[in-house]
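First, the structure itself, so that you have it in front of you.
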Amino acid sequence: MFGYTIIKGRYSDCLEFAAVDLIQGRCLVRFKKSGDEYLYRNVSRRRLLSLLTDGNKSLGFWIQYLRKNAINSTTSLKGKMTYERVGCTYNSRELPKLLLA
């Protein structure tokens, strides 16, 4: 069974974690200060694989590309990278509801 792979333990001032679904081309991130959680869809699988395999890659620098190039949309637009706010969690030990489903 495939699903999200949680990436933690990397230095980042802005992100608490990123969860990557390589098969679906999705990435779920949680920001440290606000606790806001965003789901990015249609993310390049090459970019996701790069994050998974390069242990030195900063989560903060990696997410900058997504934030600059994704379109805010609750529906998946064919071929376009989109994002939407899917939740907010203030407890850093709690997993997002999206990962529990």
Side-chain angles (χ1 to χ4, degrees):
M1 182 172 132
F2 295 101
Y4 285 91
T5 302
I6 298 176
I7 299 171
K8 290 180 81 170
R10 295 190 190 170
Y11 179 75
S12 175
D13 284 335
C14 68
L15 286 186
E16 187 173 309
F17 75 88
V20 172
D21 184 338
L22 187 60
I23 303 299
Q24 296 289 325
R26 294 180 179 183
C27 182
L28 175 70
V29 298
R30 180 188 294 158
F31 289 89
K32 282 184 179 179
K33 292 182 181 179
S34 66
D36 287 337
E37 298 162 351
Y38 289 89
L39 177 62
Y40 290 85
R41 292 185 176 95
N42 295 323
V43 180
S44 159
R45 283 162 182 81
R46 183 178 297 170
R47 188 166 293 278
L48 294 174
L49 187 60
S50 161
L51 180 64
L52 288 170
T53 58
D54 185 354
N56 294 321
K57 191 174 293 280
S58 162
L59 290 176
F61 285 124
W62 187 82
I63 194 65
Q64 285 180 9
Y65 172 83
L66 299 185
R67 292 182 75 187
K68 288 179 183 177
N69 294 292
I71 301 166
N72 187 359
S73 177
T74 57
T75 59
S76 183
L77 302 173
K78 188 171 184 170
K80 300 289 183 183
M81 185 169 51
T82 63
Y83 74 93
E84 69 173 302
R85 185 175 180 269
V86 293
C88 185
T89 306
Y90 291 105
N91 183 352
S92 64
R93 295 180 182 201
E94 187 176 317
L95 285 175
K97 292 176 185 172
L98 185 67
L99 295 180
L100 299 174

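The basis for the numbers below is simple: all heavy atoms, side chains too, and nothing from hydrogens, waters or symmetry mates. The model shown is predicted, which means the values in this text are computed figures rather than measured ones. For this chain, numbers begin at 1 and follow the sequence in order.
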Rounded to the nearest 0.5 Å, what separates atom CZ in R30 from atom SG in C14? 14.0 Å
Where do N72 and Y83 land on the side chain to side chain contact (heavy atoms under 4.5 Å, CB included) test, with the steps shown first? CA-CA 5 Å; N72 187 359; Y83 74 93; 3.5 Å; yes
L15 CG to F61 CZ distance, which is reported to the nearest 0.5 Å: 12.0 Å
Take D36 and R85 through the test side chain to side chain contact (heavy atoms under 4.5 Å, CB included) and record every step on the way to the result. CA-CA 7 Å; D36 287 337; R85 185 175 180 269; 2.9 Å; yes
Enter the distance from M81:CE to R47:CZ here, rounded to the nearest 0.5 Å. 7.0 Å
Any heavy-atom pair between the side chains of R26 and Y4 that's under 4.5 Å? yes
Can you tell me how far CZ of F17 sits from CD1 of I6, rounded to the nearest 0.5 angstrom? 6.0 Å
Any side-chain heavy atom of T89 sitting closer than 4.5 Å to one from E37? yes
Considering only NZ, NE, NH1 and NH2 on the basic side and carboxylate oxygens on the acidic side, decide whether D13 and K32 come within less than 4.0 Å. no
Within a 6.0 Å radius of atom CZ on R67, are there more than 12 heavy atoms belonging to other residues, nucleotides or ligands? no
If we only count heavy atoms from C-beta on, is the I7 to L59 side-chain gap below 4.5 Å? yes
Do D21 and C27 pass the side chain to side chain contact (heavy atoms under 4.5 Å, CB included) test, and can you show the C-alpha distance, the side-chain angles, and the key distance before you say yes or no? CA-CA 6 Å; D21 184 338; C27 182; over 6 Å; no
Can you measure from CZ (R41) to CD1 (I71) and round to the nearest 0.5 angstrom? 13.0 Å
Contact between Y38 and L66 at the side-chain level, heavy atoms closer than 4.5 Å - yes or no? no
Rounded to the nearest 0.5 Å, the CD atom of Q24 sits from the CG atom of L39 at a distance of 10.5 Å
Classify the side-chain pair S73/E84 by whether it contains a donor and acceptor separated by less than 3.5 Å. no
Nearest heavy-atom neighbours spanning N69 and Y65: ND2-O, 2.8 Å
Judged by atom type as modelled, is there a donor-acceptor pair below 3.5 Å linking the side chain of S50 to the main-chain atoms of R46? no
